Amino acid sequence: MRWLTQLFGTDQQPPQNTQHDLHRAAAALLLEVARTDGEVDEDEIRHLMDTVHLRWHLDPGEMLDIMGELEARLDQATDLFEFTAPLREHWDPETRVKLIEDMWAMAAADGKADVHEEHMIRRVSDLLYVSHGDYIRAKMKAMNS
């Protein structure tokens, strides 16, 4: 849980974000997309593991270790702002758009992207200051892959 404290900070200390912490925050957002439709199936877990390994070199063992932490943190979160604010501050626009594309691919990993997943991705896109045009391009690219 130390990385969560670093990522989000405390009342006494501001957050100290490493790239690794930011990658974990992005993984939490991908997990939240998978959870949005009420069920996380094996295809979604496999897609999540493959994505975080490919993009950010978080290995599957590490992801399994932090899945419980991520789920607990997501359950306690009142808003996605706490996950998106560090990413918005530290990632360039292109990297944030790539995350939106990854979120769309996560939504489609179970064979369909439902309206709740779309709404969640739209909210994250807004919180990351991704333009509507980039949001649509990311969706089209992910859905056509």
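Side chains are part of it too, since the values below use all heavy atoms of this structure and drop only hydrogens, waters and symmetry mates. The shown structure was predicted, so the numbers you read here are calculated from the model rather than taken from an experiment.
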Problem - Heavy-atom pair with the smallest gap, counting every atom of Met103 and Ile121 - result: O-CD1, 3.6 Å
Problem - Electrostatic pair Asp134-Arg137, nearest N-O below 4.0 angstrom - result: yes
Exercise for the section: May I ask you to decide if Leu87's main-chain N or O and Arg96's side chain share a donor-acceptor pair within less than 3.5 Å? Expected result: no
Practice task
Kindly give the heavy-atom pair with the smallest separation between Phe83 and Ala25, and that separation in Å.
Solution key: O-CB, 4.0 Å
Problem - Heavy-atom side-chain contact between Arg88 and Phe81 under 4.5 Å - result: yes
Handout entry: Salt bridge flag under 4.0 Å for residues Glu118 and Lys139
Key = yes
Exercise for the section: Give a yes or no on whether the backbone of His47 and the side-chain of Thr51 come within a donor-acceptor separation of less than 3.5 Å. Expected result: yes
Handout entry: Minimal non-hydrogen separation, Val130 against Tyr135, with atom names
Key = CG1-N, 3.9 Å
Problem - Smallest separation among heavy atoms of Val40 and Arg35, with atom names - result: CG2-CG, 3.6 Å
Practice task
Please check if atom NZ in Lys98 has more than 12 non-hydrogen atoms from other residues, nucleotides or ligands closer than 6.0 Å.
Solution key: yes
Exercise for the section: Kindly give the heavy-atom pair with the smallest separation between Leu30 and Met106, and that separation in Å. Expected result: O-CG, 3.4 Å
Exercise for the section: With side chain to side chain contact (heavy atoms under 4.5 Å, CB included) as the test, would you mind laying out the steps for Asp50 and His53 before giving the verdict? Expected result: CA-CA 5 Å; Asp50 291 346; His53 179 69; 5.9 Å; no
Problem - Joint hydrophobic cluster, Trp104 plus Met140, side-chain heavy atoms closer than 4.5 Å - result: yes
Handout entry: same_hphob_cluster(Tyr129, Leu29) at 4.5 Å side-chain heavy-atom cutoff
Key = no
Fill in the blank from the handout: Ala105 and Ala142 have their tightest heavy-atom pair at N-CB, 3.7 Å
Handout entry: Charged N-O contact under 4.0 Å between Arg46 and Asp43
Key = yes
Handout entry: ILVMFWY network linking Trp56 to Leu48, side-chain heavy atoms under 4.5 angstrom
Key = yes
Handout entry: Any donor-acceptor pair under 3.5 Å from Thr84 side chain to Leu80 backbone
Key = yes
Problem - Mutual orientation of the aromatic rings belonging to Trp91 and His23 [parallel < 30°, tilted 30-60°, perpendicular > 60°] - result: tilted
